[in-house]
Chemist: 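Structure in structure tokens, see below.
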Amino acid sequence: MRRRGMPPACSSPALLQAGHGAVQFCFGGANATAMFGGMLKSTPVKEALASTAPRDVILVQGWVRTRRDAKTFSFLELNDGSCLKSLQVIADAALPNYADIQRLNTGASVAIRGKLVASQGQGQKWEVKAEAVDVIGAADATYPLQKKGHTPEFLREIAHLRPRSNLFGCVFRVRSRLAYAIHQFFQDRGFVYVHTPIVTGSDCEGAGELFRVTTLDLQNPPKREDGAIDYAKDFFARPTYLTVSGQLEAEAFACALSKVYTFGPTFRAENSNTSRHASEFWMIEPEMAFCDLQGNMDLAEEFVKHLIRDVRMHCAEDLELFAKFVDKELLPRLDFVLDRPFQRVSYTEAVELLTKSGHQFEYPVAYGTNLQSEHERYLTEQHFKCPVTVYNYPKEIKPFYMRLNDDDRTVTAMDVLVPGIGEIIGGSQREERLDVLQKNMERHQLDPKDYGWYLDLRRYGTVPHSGFGLGFERMLMFVTGVANIRDVVPFARTPGNAAF
RNA sequence: UGCCCGGUAGCUCAGCGGUAGAGCAGGUGACUGUUAAUCACUUGGUCGCUGGUUCGAUCCCAGCCCGGGCAGCCA
């Protein structure tokens, strides 16, 4: 028996039979160790199902999805989350603890030692003929998950148990893979991963309401002479907040390491109650020196396509479940997006297009105002039927750091809109000209004193640079078809809800 | 935060001004290489909370709480 797993690429049939690739055998119970000798390493269900030959000895561990009793034995469906599928186990009535096995309900945890054999029944290639079934943790009738389907709304209330359901197992496996693909994309292209701060002293980042971070006694805060709260006595000797964006800090690093990205948690204290807003979410923010808006839009498109292609390839089984039970159009839509270039239209063109569409909108389309959700959806879902990059927005409706175009009316903003979700990426070329940036700040009534270090980036060796933010959960929603952001976050934080 | 819809068994829902039903889950039994197994029987409810109208409210009304959808804010 091998003591350590090796990458599958190194495997041979002989090693596979010997339980190769198994994880460390690590159970809690002393009797379990006694029963199985403590030497046998467990095999993930995923690997057992992918076997190319029977195995004389196998140890599998997981949770019972369902039990079906036959005349002289029971079928157990064992799931360990390594993949969507469960492993069928045959537990013979001759087993010494068969009475206990017949009391196994959905949700119970077991360790099973036996032989991996070709299944006699239809529907699966392999099954385990159990020689020992160790009941590790029983689950009684109050276990909330049933074999039958549950609504996502119900499962949300049992967030600690929902990863044991098929749907959420798939969601969180894909979430993991998507995070991996993000790092891979940037690392392969020479981007440096930067950890921007989560606690920030800037309350004027211009991206929504902030959560305050403090150790002051809210019942009795220290006061200054004038009666205001004395933040000089707070932990950081100033007011601090949770970050709403790592962009400004990423710009500093891009203006040194050339190509950087951040990938971390982001917090917005907006009282948003929609299917696509969370108070705590993860955002990816690449920032590139010597890069204009074109290069930025190119990267955004390449990035989105890379992520779709990666998940399509590595999470095929999970995506099949979404295609079957969540969104029938998912796979055609993902392939459609991969197959063609994103449509690019300027804000001005988009407004013209919407005006001429003849479509009746609840909110009128007018130059100089933000595109409403219904407008964005019309563009991406009705008109182009694919992702759309809208660029060059009027300067009045965008933040101070976006680069002013030569027309003096628009800034180099860009939003990527996708069907079903709307805005998934927001970005821009940044204003690199010190004097123009200072004028922008004046126009936005920002105090330059609060942005000393940010202005320094333009004072010393300034360069054109660009970047964008991708909402990680929104991307996950797009690739899974899951319609509510609360269902792609392990333990979602939304207004009025921070349970678990 | 605004508008709309909903809250009845563990889950999904039906119902109704006269004190409550189905399917699934659970239990018991039968049958069976089953696979959301099947069949029979069966346990299970402060009808979200508070107040009001009424002889009587799960049903009608008001307020509140919770959930969902849409909108705004944005990623």
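Per chain, numbering begins at 1; letters A, B, ... match sequence-line order. Below, all heavy atoms of this structure are taken into account, side chains as well, without hydrogens, waters or symmetry copies.
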Chemist: How would you label the contact of T266(A) with the nucleic acid (heavy atoms, under 4.0 Å): base, sugar-phosphate, or nothing?
Modeler: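 Here T266(A) touches no strand at all.
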Chemist: Under 4.0 Å between a side-chain N/O of R486(A) and OP1 or OP2 of G67(B), yes or no?
Modeler: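 For R486(A), the contact criterion (side-chain N or O under 4.0 Å from OP1 or OP2 of G67(B)) is not met.
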Chemist: Indicate yes or no: does R67(A) engage E77(A) in a salt bridge with an N to O separation below 4.0 Å.
Modeler: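 E77(A) and R67(A): not salt-bridged.
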Chemist: Using only side-chain N and O atoms of R276(A), determine if any of them is under 4.0 Å from OP1 or OP2 of A71(B).
Modeler: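 Indeed, a polar side-chain atom of R276(A) lies that close.
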Chemist: Checking all strands, does S272(A) fall into the base, sugar-phosphate, or nothing category for heavy-atom contacts under 4.0 angstrom?
Modeler: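 Since a base atom lies under 4.0 Å of S272(A), the category is base.
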Chemist: Scan nucleotides 24-34 of chain B nucleotide by nucleotide, 5' to 3', and note B when protein non-hydrogen atoms come under 4.0 Å of the base, S if they reach only the sugar-phosphate, - if neither.
Modeler: SSS-----BBB
Chemist: In whole angstrom, what separates L161(A)'s CG from C11(B)'s P?
Modeler: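 Taking atom P of C11(B) as the reference, CG of L161(A) is at 13 Å.
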Chemist: So does S373(A) get a side-chain nitrogen or oxygen closer than 4.0 Å to the phosphate oxygens (OP1/OP2) of G72(B)?
Modeler: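 Indeed, a polar side-chain atom of S373(A) lies that close.
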Chemist: Is the base of C74(B) touched by the side chain of R474(A) through a donor-acceptor pair closer than 3.5 angstrom?
Modeler: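 A donor-acceptor contact between them is present.
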Chemist: Apply the syn/anti split at 90° from 0 to U19(B) and say which one it is.
Modeler: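 Here the answer is syn: the torsion falls within 90° of 0.
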Chemist: So, E381(A) and K385(A), do they make that salt bridge, N to O below 4.0 Å?
Modeler: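 Looking at K385(A) together with E381(A), the answer is no, because their closest N to O distance does not fall below 4.0 Å.
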Chemist: Once you round to the nearest 0.5 Å, how far does CE of M288(A) lie from CG of N296(A)?
Modeler: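 So the CE of M288(A) and the CG of N296(A) are separated by 4.5 Å.
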Chemist: Determine the Euclidean distance between corresponding P atoms of C70(B) and U58(B); express it in Å to zero decimal places.
Modeler: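 U58(B) and C70(B) have their P atoms separated by 34 Å.
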Chemist: To the nearest Å, give me how far apart CD (E157(A)) and P (G67(B)) are.
Modeler: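 Atom CD in E157(A) sits about 8 Å away from atom P in G67(B).
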Chemist: Indicate whether the side chain of Y241(A) and that of R212(A) have a donor and an acceptor atom separated by less than 3.5 Å.
Modeler: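 Note: Y241(A) and R212(A) side chains meet the donor-acceptor criterion.
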Chemist: Wobble G-U and Watson-Crick pairs count when both distances are under 3.5 Å; given that, what is the 5' to 3' dot-bracket string of RNA chain B, with | for pairing to other strands?
Modeler: (((((((..((((....[..)))).(((((.......))))).....(((((..]....))))))))))))....
Chemist: Checking R162(A) side chain against P490(A) main chain: does a donor-acceptor pair fall under 3.5 Å?
Modeler: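 Present.
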Chemist: Please give the distance between the P atoms of U34(B) and G27(B) as a whole number of Å.
Modeler: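 Straight-line distance between the two P atoms is 22 Å.
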Chemist: RNA chain B: T151(A) or T66(A), which has the more 5' nearest nucleotide?
Modeler: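 Per heavy-atom nearest nucleotide, the more 5' residue is T151(A).
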Chemist: With a 3.5 Å distance limit and no angle check, can you tell me whether K305(A) reaches the backbone of R340(A) through a side-chain donor-acceptor pair?
Modeler: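 Such a contact is found between K305(A) side chain and R340(A) backbone.
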Chemist: For nucleotides C61(B) and G18(B), find the distance between their P atoms and express it as a whole number of Å.
Modeler: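 Here C61(B) and G18(B) have their P atoms 15 Å from each other.
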Chemist: Hey, which of T348(A), N392(A), N405(A) is the one that makes side-chain hydrogen bond (donor to acceptor under 3.5 Å, both in side chains) with T410(A)?
Modeler: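 The side-chain hydrogen bond (donor to acceptor under 3.5 Å, both in side chains) with T410(A) is passed solely by N405(A) among T348(A), N392(A), N405(A).
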Chemist: Has N271(A) got a side-chain N or O lying under 4.0 Å from the OP1 or OP2 atom of G72(B)?
Modeler: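 Answer is no, no contact under 4.0 Å.
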Chemist: Donor-acceptor pair, Q102(A) side chain versus D69(A) backbone, under 3.5 Å?
Modeler: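 No, because the side chain of Q102(A) does not come within donor-acceptor range (under 3.5 Å) of the backbone of D69(A).
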Chemist: With a 4.0 Å cut-off on heavy atoms, is F154(A) in touch with a base, just the backbone sugar-phosphate, or nothing at all?
Modeler: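 Here F154(A) touches the backbone only, sparing every base.
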Chemist: Report the residue (L371(A) or A483(A)) whose heavy-atom-nearest nucleotide on RNA chain B is the more 5′ of the two.
Modeler: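 Its nearest nucleotide lies further toward 5', so the answer is A483(A).
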Chemist: Rounding to an integer number of Å, can you tell me how far R377(A) CZ sits from A71(B) C1'?
Modeler: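 Whole-Å distance recorded here is 11 Å.
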Chemist: For L470(A), is there any backbone N or O sitting under 3.5 Å from a side-chain donor or acceptor partner on E285(A)?
Modeler: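 Judged by distance alone, no pair lies under 3.5 Å.
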Chemist: Could you check whether any side-chain N or O of Q429(A) sits under 3.5 Å from a backbone N or O of L293(A), counting only pairs where one atom can act as donor and the other as acceptor?
Modeler: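 A pair under 3.5 Å: yes.
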Chemist: In whole angstroms, how far is the P atom of G68(B) from the CG atom of N484(A)?
Modeler: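 Going from N484(A) (CG) to G68(B) (P), I get 7 Å.
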Chemist: Just the rounded figure in Å: distance from C1' of A75(B) to CD of E209(A).
Modeler: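 Rounded to the whole Å, the gap is 16 Å.
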Chemist: Is the phosphate of G69(B), meaning OP1 or OP2, less than 4.0 Å from a side-chain N or O of T274(A)?
Modeler: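 For G69(B), neither OP1 nor OP2 has a side-chain N or O of T274(A) closer than 4.0 Å.
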Chemist: From OH of Y363(A) over to P of C70(B), roughly how many Å is that when rounded to an integer?
Modeler: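 Answer to the nearest Å: 14 Å.
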Chemist: Work out how far the P atom of A57(B) is from that of G17(B), and round it to whole angstrom.
Modeler: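 Pairwise P distance, A57(B) against G17(B), rounds to 15 Å.
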Chemist: What interatomic distance, in whole Å, is found between C1' of U32(B) and the corresponding atom of A37(B)?
Modeler: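 Their C1' atoms lie roughly 8 Å apart.
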Chemist: For the side chain of R430(A) and the backbone of G467(A), is there at least one donor-acceptor N/O pair under 3.5 Å apart?
Modeler: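 Pair found, side chain donor or acceptor close to backbone of G467(A).
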Chemist: Side chain of Q372(A): nearest nucleotide among G72(B), G67(B), G69(B)?
Modeler: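 Selected nucleotide (nearest to the side chain): G72(B).
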Chemist: Suppose you measure atom P in C5(B) against the same atom in G63(B); what distance do you get, rounded to whole Å?
Modeler: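 These two P atoms come out 14 Å apart once rounded.
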Chemist: In whole angstrom, what separates E374(A)'s CD from C3(B)'s P?
Modeler: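 Atom CD in E374(A) sits about 19 Å away from atom P in C3(B).
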Chemist: Distance between the C1' atoms of C65(B) and U50(B), in whole angstroms?
Modeler: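 C65(B) and U50(B) have their C1' atoms separated by 10 Å.
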Chemist: Within less than 4.0 Å of OP1 or OP2 of G10(B), is there a side-chain N or O belonging to T142(A)?
Modeler: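 No.
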Chemist: State the CZ-CG distance between R486(A) and L155(A), to the nearest 0.5 angstrom.
Modeler: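 With rounding to 0.5 Å, CZ (R486(A)) is 15.0 Å from CG (L155(A)).
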Chemist: Can F472(A) be said to stack with the base of A75(B), given centres closer than 5.5 angstrom and planes under 30 degrees apart?
Modeler: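 It does not: the two rings, one from F472(A) and one from A75(B), miss the stacking criterion.
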Chemist: Taking A62(B) as the reference, what is the distance to G72(B) when you measure between their C1' atoms (whole Å, please)?
Modeler: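 Between the two C1' atoms, the distance is 29 Å.
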Chemist: Taking CD from E376(A) and P from G72(B), how many angstroms apart are they, rounded to a whole number?
Modeler: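 Those two atoms, CD and P, are 8 Å apart.
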